[in-house]
Amino acid sequence: MNDVRTERRVRGGGGAARRAERTAVSMDTAKFITRNIPNFEILNEEALEIIEWNADTVLEEIGVNFVENPAALQLWREAGADVRGERVHIPRGLARELCKTAPSHFTQHARNPERNVVIGGKGLVLAPVYGPPFVRDNEGGRRYATMEDFRNFVKLGYMSKWLHHSGGTVCEPTDVAVNKRHLDMLLAHMTLSDKPYMGSVTEPVRAEDSVTMSKILFGEDFVEQNTVMTSLININSPLTFDSTMMGALEVYAKHNQAAIISPFIVGGAMAPVTVAGTLTQVLAEVLAGVAYSQLIRKGAPVIFGAFVTSIDMNSGAPTFGTPEAAHITYGAGQLARRMGLPYRSGGAFCGSKLPDAQAAYETANSLNMALLAGVNFMLHACGWLEGGLVSSYEKFVLDADQLGTLHHLAKGVSMDDNGQAMDAIREVGPGGHYLGCQHTQANFKSAFWRTDVLDYKPYETWEEEGARDSATLANQRVKKLLRDFQAPTLDPGIAEALESYVAQRKASEPDAFG
């Protein structure tokens with residue numbers, strides 16, 4: 001396989017690659033955010049110590065389940081845990097000690113090195129919506145997602161200036177067999193974008209496919225020595241680690257690829273209704289998951305994940321943008337930083353069925369909360385609708401546009417000579433205006449964030465142009481981005497090798513839709 005791949009690279013390089021590069025559209029993508037503002041910390045030292053003590057108590061006295069995974073149970077036994085059946089009781093302090101070998105930050109490499117991202121520290125990496133089985137747009141309404149939709153969302157992500165990451169399952173393409181769709185999805189991320197991407201986690205063999213395809217794209221040695229994928233490993237809260245997700249985690253950790261260890265919490269259903277109780281369970285689950293990744297491979301990159309919503313006690317539906325979710329997100333960020341781990345949380349969360357006022361309020365609350373909480377990797381940063389059941393075309397571009405405000409907020413306040421603007425104040429003096437002064441002329445292009453979607457025109461102009469609302473403007477933006485899309489340059493030999501691998505794997509087994 002290696003010899004064939006090398007031959008293809010040689011054959012596909014040279015003039016063909018240079019000609020493709022000259023004709024490619026160069027997309028303007030902002031560098032991942034580096035915060036120059038403080039994190040908001042809601043818990044004092046005493047509260048943090050109580051939660052940490054209680055989490056260790058949960059691990060030792062109650063334990064966690066590693067189901068249908070005898071190898072995992074044996075690893076825990078060898079590490080010093082008390083294993084009873086499928087229940088693993090972890091002695092106080094053991095999980096935290098094991099977690100110490102996980103890196104505090106790491107670089108995820110993109111096939112275009114200019115798109116590399118650093119996950120951890122003061123960084124914030126923004127990635128699109130993940131997982132919805134439905135899509136919605138103005139023309140088609142709500143419908144099951146297809147592979148064409150998936151490719152469209154990858155294209156929109158690639159064309160979006162403020163997104164740093166291509167993501168993973170930006171929607172679930174239901175027109176492709178369950179056991180094969182991951183191959184088409186990965187191929188789309190690898191060929192239609194040159195931003196970093198996520199691997200498949202729905203079966204361990206699909207994680208293996210993700211590693212193999214990444215080796216075709218980057219080269220075998222490069223993948224083993226560098227992180228080129230981030231994957232989402234959800235814990236079956238409360239306190240259960242299933243064999244599917246753990247099998248995927250084992251594959252990625254073994255190959256030095258990153259995993260988000262993320263409890264999936266709906267408060268009152270999968271965790272206690274109180275903030276402190278939920279944070280205790282989140283920390284216990286993350287400690288166990290991260291520790292297990294380090295049993296597989298010391299130094300494997302991991303991210304402390306916290307996906308937390310509250311619940312509507314009348315309907316049982318999850319709610320978003322709520323103060324309780326904010327409390328937990330802020331608190332979990334503090335706990336992650338005390339562990340020295342990158343932190344994943346937040347997103348463009350809303351429960352609305354349409355990209356309307358409810359969606360905007362809840363999304364704005366969620367995005368700003370995540371910025372202030374010190375999140376390092378934000379999945380679902382754009383496109384989320386209807387509690388995560390729907391990927392919305394219009395909301396994707398509305399959210400992606402608003403992510404620009406996070407970049408500007410995170411810059412903080414400049415206090416250099418230009419920021420102080422004393423020359424401008426002296427030039428204008430009392431009773432003047434700043435529109436024509438030298439300082440304004442020098443700074444007007446970069447002084448303020450500018451939207452690519454929203455309307456700030458006078459009423460008369462807005463009315464003459466059809467009195468378009470935000471969803472209509474966003475729909476037009478979607479069409480323009482897809483019309484202007486050009487795939488980033490990829491060596492033809494590598495593209496051929498990827499397509500060949502996908503075709504071979506899809507032909508090797510019958511379709512399965514269950």
Side-chain angles (χ1 to χ4, degrees), residues 40-44 47-48 50-59 62 64-65 129-132 232-242 245 260-289 303-336 339 343-353 358-359 361-375 377-381 384-389:
F40 182 74
E41 300 197 339
I42 200 168
L43 300 174
N44 61 25
L48 290 164
I50 289 171
I51 290 168
E52 288 172 341
W53 178 268
N54 289 346
D56 262 342
T57 300
V58 169
L59 293 177
I62 300 169
V64 294
N65 285 345
V129 63
Y130 184 107
L232 178 60
I233 306 296
N234 279 131
I235 297 163
N236 280 352
S237 304
L239 303 169
T240 300
F241 295 76
D242 69 68
M245 283 286 161
I260 305 165
I261 310 297
S262 192
F264 188 94
I265 302 290
V266 178
M270 299 155 179
V273 294
T274 62
V275 171
T278 295
L279 283 172
T280 296
Q281 183 181 307
V282 166
L283 180 57
E285 292 177 348
V286 171
L287 279 166
I303 301 172
F304 181 127
F307 178 91
V308 180
T309 72
S310 48
I311 194 170
D312 182 348
M313 288 298 184
N314 291 319
S315 67
T319 54
F320 300 92
T322 62
E324 296 79 19
H327 287 161
I328 294 167
T329 304
Y330 293 136
Q334 291 179 259
L335 294 168
M339 287 183 67
Y343 177 40
R344 172 260 164 152
S345 195
F349 297 143
C350 69
S352 182
K353 315 305 181 289
Q358 178 186 339
Y361 282 127
E362 293 174 350
T363 294
N365 287 345
S366 298
L367 290 176
N368 285 293
M369 164 196 76
L371 176 69
L372 295 177
V375 168
F377 186 85
M378 190 197 298
L379 199 54
H380 311 301
W384 170 291
L385 200 63
E386 200 181 319
L389 289 175

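Atoms considered below: every heavy atom in the structure, side chains included; atoms not considered: hydrogens, waters and symmetry mates.
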Using 0.5 Å steps for rounding, measure from the CD1 atom of Ile51 to the CG atom of Leu279. 4.5 Å

Under 3.5 Å, which donor-acceptor pairs link side chains of residues 320-332 to any protein atom two or more places apart or in another chain?
unit_1, atom_1, unit_2, atom_2, d
Thr322, OG1, Ser310, OG, 3.0
Thr322, OG1, Ala325, N, 3.4
Thr329, OG1, Ala325, O, 2.8

If only atom types and distance count, is the side chain of Glu362 paired as donor or acceptor with the main-chain N or O of Gly351 below 3.5 Å? yes

So, taking the atom named CD in Glu41 and the one named CG in Leu372, what distance separates them when rounded to the nearest 0.5 Å? 11.5 Å

Pro263: which residues meet the side-chain contact (heavy atoms from CB on, under 4.5 Å) condition with it, sequence neighbours left out? Ile235, Ser237, Ile265, Val282, Glu285, Val286

Looking at every heavy atom in both Ala284 and Val58, which two are closest together, and how far apart are they? CB-CG1, 4.0 Å

With a 4.5 Å cut-off on side-chain heavy atoms, are Thr309 and Phe349 touching? no

Got a second to check how far Phe304's CZ is from Leu287's CG, nearest 0.5 Å? 7.5 Å

Would you give the length of the straight line joining atom CD1 of Ile303 to atom OG of Ser345, rounded to the nearest 0.5 angstrom? 12.0 Å

Run the side-chain contact (heavy atoms from CB on, under 4.5 Å) test on Leu335 and Leu48 for me, step by step, so that the C-alpha distance in whole Å, both residues' side-chain angles and the decisive distance to 0.1 Å come before the verdict. CA-CA 7 Å; Leu335 294 168; Leu48 290 164; 3.8 Å; yes

CG on Leu59 to CG on Asn54, rounded to 0.5 Å: 11.0 Å

Return the minimal non-hydrogen interatomic distance between Gly267 and Ile311, and the atom names on each side. O-CG2, 3.1 Å

Can you confirm whether Met245 sits close enough to Asn236 that some side-chain heavy atom of one is under 4.5 Å from a side-chain heavy atom of the other? no

For Tyr130, ring-ring contact (aromatic ring centres under 6.0 Å, His included) partners two or more places apart: none

Considering non-hydrogen atoms only, spot the tightest contact between Tyr343 and Ala306 and give its length. CE1-CB, 4.1 Å

Between Thr278 and Pro272, is there a donor-acceptor pair closer than 3.5 Å when you use the side chain of the first and the backbone of the second? yes

Using atom types as modelled and distance alone, determine if a side-chain donor or acceptor of Gln281 lies under 3.5 Å from a backbone N or O of Met270. yes

Do the side chains of Phe307 and Arg344 get nearer than 4.5 Å, heavy atoms only? yes

One should read off an interatomic distance between Ser352 OG and Leu385 CG, to the nearest 0.5 angstrom, of 6.0 Å

Where Phe241 and Ala288 come nearest, the two heavy atoms and their spacing: CZ-CB, 3.7 Å

